[in-house]
2 protein chains.
Amino acid sequence: MAASSGVGLRELTRRAVRTQIAETAMELFVAKGYEETTVDEIAAAVGISGRSVFRYFPTKEDIVVGLLDGIGDELAAALAARPRDEPPWVALRNAMTPHLDSLTRDSDRTIATAMLLADTPALRGALLAKRARWAEALVPDISRRLKLPPARRDLAARSLVGAALTCLNNAVDDWARSNGRKPLAKLLDTAIAAVRG
Amino acid sequence: MAASSGVGLRELTRRAVRTQIAETAMELFVAKGYEETTVDEIAAAVGISGRSVFRYFPTKEDIVVGLLDGIGDELAAALAARPRDEPPWVALRNAMTPHLDSLTRDSDRTIATAMLLADTPALRGALLAKRARWAEALVPDISRRLKLPPARRDLAARSLVGAALTCLNNAVDDWARSNGRKPLAKLLDTAIAAVRG
DNA sequence: CTAGTTCTGTCAGCGACTGACAGCCAAGGC
DNA sequence: GCCTTGGCTGTCAGTCGCTGACAGAACTAG
């Protein structure tokens with residue numbers, strides 16, 4: 001079974017190979033473009049067979065958007081940590097703060113990914129699908145904060161969360177287009193204020 | 001050149017074949033599922049070659065979401081027709097009314113499409129990408145209605161439009177899940193009210 | 001050392017999608 | 001009447017993403 005640490009040695013090498021594939025692929029994508037880069041080319045650059053790439057990533061798209069996999073759970077955890085009587089919009093905004101920090105922390109990687117997502121239509125769909133899954137993780141908490149009859153509660157919560165994530169996306173896009181110069185938190189506040197206008 | 005009517009005879013037959021492909025494909029998708037239906041099967045059912053399907057639709061996804069192609073322009077036109085001093089949220093809500101009517105008019109087709117989109121992940125990404133293109137058509141108008149410094153105007157408009165379209169999507173989903181029983185307009189109002197909380 | 005698990009490369013195949021080529025058929029000039 | 005032109009079509013061949021199956025290598029446990 002597992003050693004004294006939480007994860008076994010096998011899981012460790014797996015993660016190493018996984019990040020190696022992701023980093024090599026990102027370099028190629030930025031250099032040549034996403035659609036112009038073949039999975040076999042990525043595999044050759046890493047030194048493995050093309051088949052093995054799909055043993056670490058379910059799809060080619062996931063090599064890019066897989067980086068954003070844990071964010072939904074992070075946001076949900078941050079949201080659950082907010083006081084129970086905090087109103088929905090405030091709780092959502094505050095729950096995003098740690099995520100904003102982690103985005104600005106390695107801004108180079110974030111901006112590169114955002115740029116790649118911006119001018120690759122095929123990836124945009126995948127990103128939006130990922131965002132929809134984040135929403136699913138946040139809806140139950142927001143639903144609990146709403147004081148509405150049960151018939152309306154779910155629709156209201158889904159719309160609220162969707163609007164909040166749209167604001168987050170637009171703020172990050174704007175921030176990336178400014179090369180990280182504009183303050184991300186203020187952009188998010190501007191977006192939210194406009195929606196609540 | 002063209003005859004007395006606006007469109008030539010060639011364009012007419014083209015549209016006929018196009019709708020024929022779309023209708024046949026939708027029947028097969030509903031019966032067998034989207035991913036389980038091959039493009040060649042659709043072609044065979046119509047009586048053309050598989051290659052020709054791609055001469056009418058750029059991708060297999062577009063056979064489904066192509067039906068929603070004109071909606072973005074319709075919404076933009078309806079929005080442009082609203083009084084110039086109408087506030088953004090009110091103008092967006094009112095601009096959606098004709099679209100709501102056309103959705104409820106042939107509710108059977110709308111519900112079937114919504115159901116198909118709901119349980120086909122591959123199509124969801126395409127739908128969200130389409131919705132993003134609708135947003136592009138609405139942003140300039142909303143941007144004009146906002147009284148904000150230019151630095152914030154674009155981000156605010158994009159977020160506002162994105163939030164409104166999220167409300168529309170969620171309302172239609174809820175409406176379709178209720179088999180068209182709940183009043184669609186009220187659902188949309190509920191969603192918008194929740195976002196403006 | 002052995003037995004069992006896990007990983008890997010290779011091969012074969014499906015389906016979406018594209019480019020190229022040749023044949024068909026309607027529209028228009030002679 | 002004929003012939004040319006242009007668009008539509010089917011066929012063929014090929015690329016790429018992705019999957020299942022198999023056999024061998026490597027590592028782990030006893």
Side-chain angles (χ1 to χ4, degrees), chain A residues 1-5 7-22 24-26 28-29 32-66 116 120-126 129, chain B residues 1-5 7-22 24-26 28-29 32-66 116 120-126 129:
Chain A
M1 247 276 149
S4 57
S5 88
V7 296
L9 184 140
R10 188 123 54 205
E11 188 65 19
L12 221 71
T13 68
R14 244 196 99 78
R15 288 184 195 174
V17 175
R18 210 184 125 94
T19 62
Q20 178 66 21
I21 294 172
T24 306
M26 280 300 294
L28 290 172
F29 291 159
K32 298 181 44 181
Y34 174 78
E35 300 186 353
E36 288 74 20
T37 305
T38 305
V39 172
D40 283 339
E41 290 174 346
I42 301 169
V46 178
I48 59 179
S49 77
R51 185 69 180 88
S52 279
V53 173
F54 290 104
R55 293 185 170 115
Y56 287 90
F57 292 93
T59 65
K60 183 185 175 187
E61 294 174 351
D62 245 66
I63 302 178
V64 180
V65 301
L116 190 63
T120 307
L123 286 176
R124 227 181 225 172
Chain B
M1 245 278 150
S4 56
S5 90
V7 296
L9 186 140
R10 191 124 54 204
E11 187 66 18
L12 221 72
T13 68
R14 244 195 99 77
R15 289 184 195 174
V17 176
R18 209 184 126 95
T19 61
Q20 178 66 23
I21 294 172
T24 307
M26 280 300 294
L28 291 172
F29 290 159
K32 299 180 44 181
Y34 175 79
E35 300 187 354
E36 288 73 20
T37 305
T38 303
V39 173
D40 284 339
E41 289 175 347
I42 301 169
V46 179
I48 59 179
S49 76
R51 184 69 179 87
S52 280
V53 174
F54 290 105
R55 293 187 170 115
Y56 287 89
F57 293 93
T59 64
K60 183 185 176 188
E61 293 173 351
D62 245 64
I63 302 178
V64 180
V65 301
L116 190 63
T120 308
L123 286 176
R124 225 181 227 172

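A, B, ... follow the sequence lines: proteins, then strands. Residue 1 opens every chain.
The phosphate of C:dC17 has neither OP1 nor OP2 within less than 4.0 Å of any side-chain N or O from B:Y56. Between C:dT10 and A:S49, no contact under 4.0 Å exists linking OP1 or OP2 to a side-chain N or O. An OP1 or OP2 oxygen of C:dC14 is reached within less than 4.0 angstrom by no side-chain nitrogen or oxygen of B:T38.
Protein atom CD of B:E61 is 17 Å distant from nucleotide atom P of C:dG15, rounded to whole Å. Whole-Å rounding puts the A:R14 CZ to C:dC7 C1' distance at 9 Å. Here the C1' atom of nucleotide C:dG15 and the CG atom of B:L28 are 16 Å apart, to the nearest Å. Atom CD of B:E35 and atom C1' of D:dG17 are 14 Å apart (whole Å). If you take CD1 of A:I63 and C1' of D:dG17, they are 11 Å apart, rounded to a whole angstrom. The distance from atom CG of A:D40 to atom P of D:dG17 is 7 Å, rounded to the nearest whole Å. Per the geometry, CG belonging to A:L12 stands 15 Å off C1' belonging to D:dC27, to the nearest Å. Following rounding to the nearest Å, B:K60 (NZ) and D:dG17 (P) show an atom-to-atom distance of 18 Å.
In this structure, B:D62 CG and B:Y56 OH are separated by 15.5 Å, a value rounded to the nearest 0.5 Å.
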Could I get a table of every N or O pair under 3.5 Å where one atom is in the protein and the other is in nucleotides 19-21 of chain D?
residue: D:dG20; atom: N7; partner: A:R51; partner atom: NH2; Å: 3.0
residue: D:dG20; atom: O6; partner: A:R51; partner atom: NE; Å: 2.9

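Among the heavy atoms of the strands, none lies under 4.0 Å from A:T13.
Residues satisfying the ring pair (Phe, Tyr, Trp, His ring centres under 6.0 Å) test with B:F29, not counting sequence neighbours, are B:Y34. Partners of B:T19 according to the side chain to side chain contact (heavy atoms under 4.5 Å, CB included) rule, which considers only residues two or more places apart in sequence or in another chain, do not exist here. Qualifying side chain to side chain contact (heavy atoms under 4.5 Å, CB included) partners for B:R124, counting only residues two or more places apart in sequence or in other chains: A:E136.
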Which pairs of donor and acceptor atoms, one on a side chain in residues 39-50 of chain A, lie under 3.5 Å apart (sequence neighbours left out)?
residue: A:E41; atom: OE1; partner: A:K32; partner atom: NZ; Å: 2.9
residue: A:E41; atom: OE1; partner: A:T38; partner atom: N; Å: 3.1
residue: A:E41; atom: OE2; partner: A:K32; partner atom: NZ; Å: 3.2
residue: A:S49; atom: OG; partner: A:S52; partner atom: N; Å: 3.4

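Side-chain contact between A:I63 and A:V53 is present, with at least one heavy-atom pair separated by less than 4.5 Å.
Counting only residues at least two apart or in different chains, salt bridge (Lys or Arg N to Asp or Glu O under 4.0 Å) contacts with residues 42-55 of chain A are absent.
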